[in-house]
Amino acid sequence: MKILDSEFSNQILKSAKNKLGNIFFFNHLAVVELREGVHFDLSNASLIIDELNTYFGTSKPYGVIANRVNSYSVNLIETRLFKEQAKNLYAYGVVGHDLAGKMNAEMENDFCVSEKVDYENITEAITNVY
């Protein structure tokens with residue numbers, strides 16, 4: 001389910017769109033929905049991370065939820081480098097909506113410092129990441 005179709009759509013404070021996808025901002029978290037077929041790595045991460053840093057600043061802690069409504073790839077080896085660019089990112093979650101998305105979310109879980117990042121649905125993710 002896209003965030004715009006969820007019960008949380010009326011709580012979105014701002015949104016941004018670029019060639020990688022859409023970012024929806026709330027008080028202390030952002031939901032990212034990347035486009036179909038995107039490969040997210042250090043060469044393009046700044047398109048998302050710069051938006052996050054602009055919205056949240058350099059000291060306000062926040063969380064990010066990757067809402068995998070589309071199929072895309074992430075260079076998991078670079079996960080720690082993403083975190084270095086988003087210094088006040090404190091929580092991360094991934095919602096997989098199909099078998100492939102759920103498997104990818106489980107793999108991302110292995111590369112993150114958080115105990116759990118994979119969630120069954122957007123409600124569970126927002127509740128835990130917030």
Side-chain angles (χ1 to χ4, degrees):
M1 171 186 300
K2 289 185 175 189
I3 194 69
L4 290 176
D5 298 326
S6 77
E7 63 192 277
F8 302 102
S9 64
N10 64 342
Q11 297 174 39
I12 297 169
L13 301 176
K14 179 186 173 189
S15 64
K17 185 176 185 175
N18 62 41
K19 70 179 186 176
L20 293 182
N22 298 306
I23 309 166
F24 301 94
F25 295 96
F26 297 81
N27 276 332
H28 298 288
L29 65 90
V31 175
V32 177
E33 295 178 347
L34 295 181
R35 294 178 193 261
E36 183 76 27
V38 162
H39 178 67
F40 188 78
D41 61 13
L42 272 183
S43 70
N44 60 17
S46 63
L47 292 171
I48 301 293
I49 294 171
D50 288 351
E51 291 283 352
L52 295 170
N53 288 338
T54 297
Y55 184 79
F56 292 111
T58 57
S59 61
K60 180 179 181 179
Y62 65 91
V64 169
I65 297 168
N67 192 21
R68 282 185 162 269
V69 293
N70 295 308
S71 179
Y72 59 87
S73 61
V74 176
N75 187 341
L76 294 174
I77 302 300
E78 298 174 345
T79 301
R80 291 183 196 264
L81 300 173
F82 301 145
K83 175 66 175 113
E84 289 174 10
Q85 294 179 13
K87 296 191 185 309
N88 47 327
L89 172 62
Y90 281 87
Y92 180 71
V94 181
V95 180
H97 295 277
D98 57 18
L99 182 57
K102 289 177 191 295
M103 289 173 58
N104 283 315
E106 287 179 27
M107 283 191 293
E108 285 185 54
N109 195 52
D110 293 338
F111 284 84
C112 291
V113 294
S114 301
E115 287 184 26
K116 175 179 172 52
V117 300
D118 57 313
Y119 297 100
E120 290 293 317
N121 56 60
I122 195 71
T123 301
E124 181 186 16
I126 286 176
T127 300
N128 286 285
V129 171
Y130 187 80

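Of all non-hydrogen atoms in Met1 and Asn67, the two that sit nearest each other are O-ND2, 3.0 Å. Nearest heavy atom pair, residue Arg35 against residue Lys17, reads NH2-CE, 3.5 Å. Shown here for Val95 and Ala125, the closest heavy-atom pair between the two residues is CG2-CB, 3.5 Å. Heavy atoms only, all atoms of each residue included: Pro61 and Tyr90 are closest at CB-CD1, 3.2 Å. For Val117 against Tyr92, the heavy-atom pair with the smallest separation is CG1-O, 3.4 Å. Closest of all the heavy-atom pairs between Gln85 and Ala45 is OE1-CB, 4.4 Å.
Judged as a side chain to side chain donor-acceptor pair (under 3.5 Å), and not counting sequence neighbours, Glu51 has no contacts. Listed by chain and number, the residues in a side chain to side chain donor-acceptor pair (under 3.5 Å) with Glu7 are Thr123 (sequence neighbours excluded). Asp50 meets the side chain to side chain donor-acceptor pair (under 3.5 Å) test with no other residue; sequence neighbours excluded. Remark: Glu84 engages Leu81 in a side chain to side chain contact (heavy atoms under 4.5 Å, CB included) (not counting sequence neighbours). For the side chain to side chain donor-acceptor pair (under 3.5 Å) test, residues two or more places apart in sequence or in another chain that qualify with Glu78 are Asn75. Partners of Lys2 by side chain to side chain contact (heavy atoms under 4.5 Å, CB included), not counting sequence neighbours, listed by chain and number: Asp5, Glu33, Val69. Here His39 pairs with nothing under the ring pair (Phe, Tyr, Trp, His ring centres under 6.0 Å) rule; sequence neighbours left out.
Annotation: side chain to side chain donor-acceptor pair (under 3.5 Å) contacts involving residues 54-63, sequence neighbours excluded, are absent.
To the nearest 0.5 Å, the span separating CD1 on Ile122 from OG1 on Thr127 amounts to 9.5 Å. In this structure, the separation between CG on Asn10 and CG on Leu4 is 11.0 Å, given to the nearest 0.5 Å. For the atom pair Asp118 CG and Glu124 CD, the distance stands at 8.5 Å (nearest 0.5 Å). The CD1 atom of Ile3 lies 5.5 Å from the CD1 atom of Ile12; values are rounded to the nearest 0.5 Å. Note that CD1 of Ile48 is 5.5 Å distant from CG of Leu34, once rounded to the nearest 0.5 Å.
Residues Asn44 and Leu20 form a side-chain contact, since some pair of their non-hydrogen atoms from C-beta on lies under 4.5 Å apart. Between Val64 and Val129, every side-chain heavy-atom pair lies at or beyond the 4.5 Å cut-off.
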Show every donor-acceptor pair shorter than 3.5 Å between a side-chain atom in residues 21-32 and any protein atom, with sequence neighbours excluded, or say none if there are none.
none

